[in-house]
Amino acid sequence: MNTQYWLMKSEPEECSIDDALAAPGASVPWTGVRNYQARNFMRDAMQVGDGVLFYHSSCAEPGIVGLARVASEIRPDPTQFDPASPYFDPKSSPDKPRWLLRDVQALKKTRLIGLPELRATPELAEMVVLQRGSRLSITPVSEAHWTFITRRLLGD
DNA sequence: GCCAACGTTGGC
DNA sequence: GCCAACGTTGGC
């Protein structure tokens, strides 16, 4: 299957693009997804090597802040088993894990393309993340949108 | 902190 | 299976 593209939201207070780039191998486990649709995107559709728009959410300047790639196969999210974690899920068990993750490798910090800029760009109006009421932390990005955004970011 | 929008839960 | 109540997301 061809390379696909995704937008993945992270709260910078939890894991910013700088945090990801500073991690060993610039790779971080994408913990904390607790939404079935987002989980299913990771489990069923993502492939190693897919492109990722790294997005900061729940912060002063939400928007795209970097580029990344899907860096691992799917595996259980260990935070669901940790009673001390805010992501603990008492209904999940190691023999039948409910929540899954992939590793995401940060490739590059870019300038911010903030939400206002995204919304002001007609070419991007159809992006899933911009749709009314969209709350999914992982959304697919079309190749056209990926190309438009990466060109704008990388200036080629 | 507010609140719109959406997802999940659980009684029936 | 319906749907009201509740919880969460996330921009502002």
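In what follows, every chain begins at residue 1, and chains take the letters A, B, ... in the order their sequences are listed.
Each end of the helix from B/dG1-C/dC12 to B/dC12-C/dG1 gets its own rotation axis from five pairs of C1' atoms, and the angle between them is 10° to the nearest 10 degrees.
Taking atom CG on A/L136 and atom C1' on B/dA4, their separation rounds to 16 Å, with Å as the unit. As rounded to whole Å, 12 Å separates atom P of C/dG11 from atom CG of A/L112. Across the protein-nucleic acid pair, A/E13 atom CD and C/dT9 atom C1' stand 15 Å apart, rounded to whole Å. Following rounding to the nearest Å, A/L115 (CG) and C/dC12 (C1') show an atom-to-atom distance of 11 Å. Computed from coordinates, the A/R34 CZ to B/dT8 P distance equals 13 Å when rounded to whole Å.
Counting only residues at least two apart or on different chains, the ring pair (Phe, Tyr, Trp, His ring centres under 6.0 Å) pairs with a member in residues 69-123 of chain A are A/Y36-A/W99. Among pairs with a residue in residues 56-81 of chain A, those fulfilling side-chain hydrogen bond (donor to acceptor under 3.5 Å, both in side chains) read A/R34-A/D77, A/R34-A/T79, A/R69-A/Q105, A/R75-A/D103, A/D77-A/T79, A/Q80-A/S92, at least two apart in sequence or across chains. Judged as a side-chain hydrogen bond (donor to acceptor under 3.5 Å, both in side chains), the pairs with a partner in residues 124-142 of chain A (not counting sequence neighbours) are, in order, A/S142-A/H145.
The side-chain contact (heavy atoms from CB on, under 4.5 Å) test with A/V33 singles out one residue from A/L100, A/I138, A/L101, and that residue is A/I138.
The stretch residues 116-127 of chain A does not touch DNA chain C, since none of its heavy atoms comes less than 4.0 Å from the strand.
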Can you name the atoms? Protein N/O to nucleotides 5-7 of chain B N/O, anything below 3.5 Å, with the distance.
{"residue": "B/dA5", "atom": "OP1", "partner": "A/R132", "partner atom": "NH1", "Å": "2.9"}
{"residue": "B/dA5", "atom": "OP1", "partner": "A/R132", "partner atom": "NH2", "Å": "3.1"}
{"residue": "B/dA5", "atom": "N3", "partner": "A/R135", "partner atom": "NH1", "Å": "3.4"}
{"residue": "B/dC6", "atom": "OP1", "partner": "A/R132", "partner atom": "O", "Å": "3.3"}
{"residue": "B/dC6", "atom": "O2", "partner": "A/R135", "partner atom": "NH1", "Å": "2.7"}
{"residue": "B/dC6", "atom": "O2", "partner": "A/R135", "partner atom": "NH2", "Å": "2.8"}
{"residue": "B/dG7", "atom": "O4'", "partner": "A/R135", "partner atom": "NH2", "Å": "3.1"}

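Put simply, A/K9 has a side-chain N or O that comes within less than 4.0 Å of OP1 or OP2 on C/dG10. Phosphate proximity of C/dG11 to A/Y55: present, with a side-chain N or O under 4.0 Å from OP1 or OP2.
Relative orientation of the A/F41 and A/W6 rings is tilted, given thresholds of 30° and 60° on the angle between their planes.
A/R152 and A/E117 are joined by a salt bridge, as a carboxylate oxygen and a charged side-chain nitrogen come within less than 4.0 angstrom of each other.
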